[in-house]
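Please read the structure below before turning to the comments.
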Amino acid sequence: MTVIYPKVALIGLGLIAGSMAHGMRRAGLATEIRGYARSAETRGIAAEIGLVDTVCDTVEAAVRDADLVVLCVPVGAMGSVAAQIAPVLKPGAVVTDVGSVKAAVIEAVAPHIPEGVHFIPGHPLAGTEHSGPRSGFAELFDNKWCILVPVEGSDAEEVAKLRTYWEQLGSNVDVMDPAHHDLVLAVTSHAPHLIAYTMVGVADDLRRVTDSEVIKYSAAGFRDFTRIAASDPTMWRDVFLTNKAATLEILGRFTEELFALQRAIRTEDGDHLHDYFTRTRAIRRGIIDAGQDTDAPDFGRVPLTKTKAPAE
Ligand code: NAP
């Protein structure tokens, strides 16, 4: 595989950075991968498991001489990290990020990028509910989308190189403008996460009424919400605070639809419900046909071996 960026610096060493490190090693994409995380604990774990070639004690040491710098911290921390690394960035280097929101990251990071350094924001649409330096794996990006969001004046040749790099990591790549990215992600990721958080919160309140039945019978549908609602609280707090307008727009529409369904139940309008569910079922089919999920029953989960029922 062609090495586009010999020296890569990963700032933040969690799920996404870890998966990039594993993916780069799998494909032989770099001659040196350096990493930095703010806490000594994370740096210690990264060094212990050999997540990157060099774990640096300062962010400056990690980015100095790097050909590619990837910001893998929560969206709300991107601006301060950019300000810190700006003075030591190598001329001609590429700075990208993996943040789940794009307009706010561009606003926070772009002003710090020095002349002669290329800033090309990005967002791999791949993740799990796990976080931290032990959670990454090389296959995370395989056949998933990575969206590149070039800023005004982004060099087309540099964008093309970054596209190839993500393809080498296993991704399919698309290019979007920031506002469109944020709206699409509000529909496909941000609003669904908020709805899952809400549903799990409601069930948690009800648990006090139903004892442990919510947990015991969770496989009836609730369990799939709990997976999403177990996602990292810092990351998701930042997503909602920085993609406010698009998320509120989608939640407004969601509420209207919810009221319409509520009314259909109240008025016993079975046709409305049946038509609605027929339409949504087709969307699931589309996701499977696009290779973005498995057709296996129950998401391909291995059947559980008999476990102890929770205390009642
Ligand atoms: P993660 O596993 O929680 O790792 C986050 C890393 O950022 C950790 O190394 C953490 O350092 C560091 N960090 C946290 N707060 C910081 C701060 N205020 N200043 C400097 N560093 C800080 O997170 P992740 O899932 O890899 O997410 C990283 C980025 O990818 C986020 O912007 C997220 O929006 C985006 N993303 C996530 C997913 C997903 O599903 N998880 C998918 C696509 C994109 P310590 O460990 O030392 O605290």
Side-chain angles (χ1 to χ4, degrees), residues 9-23 33-49 51-52 55-60 62-63 69-85 95-106 108-109 112 121-137 139-142 144-149 166 169-171 173-174 178 181-182 184-186 188-190 192-194 196-197 227-243 247 292:
L10 301 171
I11 310 306
L13 292 172
L15 170 72
I16 301 297
S19 298
M20 292 182 75
H22 289 299
I33 307 170
R34 282 190 216 155
Y36 169 79
R38 63 176 174 169
S39 72
E41 188 191 351
T42 298
R43 294 198 298 272
I45 296 170
E48 182 194 318
I49 64 175
L51 188 62
V52 291
V55 177
C56 300
D57 285 335
T58 66
V59 71
E60 291 87 351
V63 306
V69 177
V70 192
L71 309 181
C72 306
V73 298
V75 168
M78 296 279 182
S80 60
V81 171
Q84 229 182 322
I85 63 172
V95 175
T96 188
D97 75 295
V98 296
S100 305
V101 177
K102 293 278 59 91
V105 167
I106 293 169
V109 172
H112 300 291
H123 179 201
L125 307 190
T128 74
E129 68 279 26
H130 299 295
S131 50
R134 295 186 197 274
S135 59
F137 53 99
E139 299 77 20
L140 180 67
F141 308 114
D142 287 349
K144 299 287 178 357
W145 286 96
C146 178
I147 311 293
L148 296 183
V149 184
W166 274 105
L169 279 173
S171 291
V173 179
D174 251 347
H181 167 278
D182 290 354
V184 170
L185 266 292
T188 57
S189 171
H190 306 169
H193 271 79
L194 199 75
Y197 280 123
R227 187 192 68 73
I228 298 178
S231 299
D232 187 67
T234 306
M235 167 184 160
W236 284 97
R237 176 202 62 195
D238 286 6
V239 166
F240 294 119
L241 293 181
T242 55
N243 198 20
T247 309
Q292 295 299 301

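Read the numbers this way: they start at 1 and go in the same order the structure lists the ligands and their atoms. No experiment lies behind these values; they were computed from the predicted model shown.
Within a 6.0 Å radius of CD in E41, no more than 12 heavy atoms belonging to other residues, nucleotides or ligands are found.
Considering only non-hydrogen protein atoms, atom 34 (O) of ligand 1 sits nearest to S100 OG, 2.6 Å. Of all protein heavy atoms, the one closest to atom 3 (O) of ligand 1 is S131 CB, 3.5 Å. The nearest protein atom to atom 4 (O) of ligand 1, hydrogens excluded, is given as G14 CA, 3.3 Å; this is a heavy-atom distance. Distance from atom 20 (C) of ligand 1 to its nearest protein heavy atom, with residue and atom name: R38 CD, 3.9 Å. Looking only at heavy atoms of the protein, atom 9 (O) of ligand 1 is closest to L13 N, 2.8 Å. Nearest non-hydrogen protein atom to atom 27 (O) of ligand 1 is I16 CG1, 4.1 Å. Ranking the protein heavy atoms by distance from atom 45 (P) of ligand 1 puts T42 OG1, 3.4 Å first. Closest to atom 42 (C) of ligand 1 among all protein heavy atoms lies A126 O, 3.1 Å.
Looking at ligand 1, you won't find any N or O of H130 less than 3.5 Å from one of its N or O atoms. Any N or O atom pair closer than 3.5 Å counts here, and L15 shares at least one such pair with ligand 1. Residue-to-ligand polar distances keep M235 apart from ligand 1: every N/O pair is separated by 3.5 Å or more.
Side-chain contact between V73 and M78 is present, with at least one heavy-atom pair separated by less than 4.5 Å. Residues D97 and K102 form a side-chain contact, since some pair of their non-hydrogen atoms from C-beta on lies under 4.5 Å apart. With a 4.5 Å cut-off on side-chain heavy atoms, H190 and L185 count as touching.
For atom 31 (C) of ligand 1, the nearest non-hydrogen atom from the set V73, V81, V98 comes from V73. Of all the listed residues (G35, P124, C72), C72 holds the heavy atom that lies closest to atom 5 (C) of ligand 1. Of all the listed residues (A77, G132, G122, P74), P74 holds the heavy atom that lies closest to atom 13 (N) of ligand 1. Distances from atom 40 (O) of ligand 1 to the heavy atoms of G127, S189, S19 put G127 nearest.
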What do the steps show when you test L51 against I45 for side chain to side chain contact (heavy atoms under 4.5 Å, CB included), and what is the final call?
CA-CA 8 Å; L51 188 62; I45 296 170; over 6 Å; no
Might you work through the side chain to side chain contact (heavy atoms under 4.5 Å, CB included) test for F240 and V75, ending with a clear yes or no?
CA-CA 10 Å; F240 294 119; V75 168; over 6 Å; no
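Separation of atoms CG (N243) and CG (D182) is listed at 4.5 Å; rounding is to 0.5 Å.
Numbered from 1 in the order shown, with element, the atoms of ligand 1 that lie under 4.0 Å from a heavy atom of G99 read 32 (O). Contact atoms of ligand 1 toward H123: 43 (C), 44 (C) (distance under 4.0 Å to a heavy atom of the residue). The ligand atoms of ligand 1 that sit less than 4.0 angstrom from a heavy atom of M78 are 32 (O).
The shortest separation from a heavy atom of T128 to ligand 1 is under 4.0 Å, placing the residue in contact.
Nearest heavy-atom pair, W166 versus L148, reported as atom, atom and distance to 0.1 Å: CD1-CD2, 4.1 Å.
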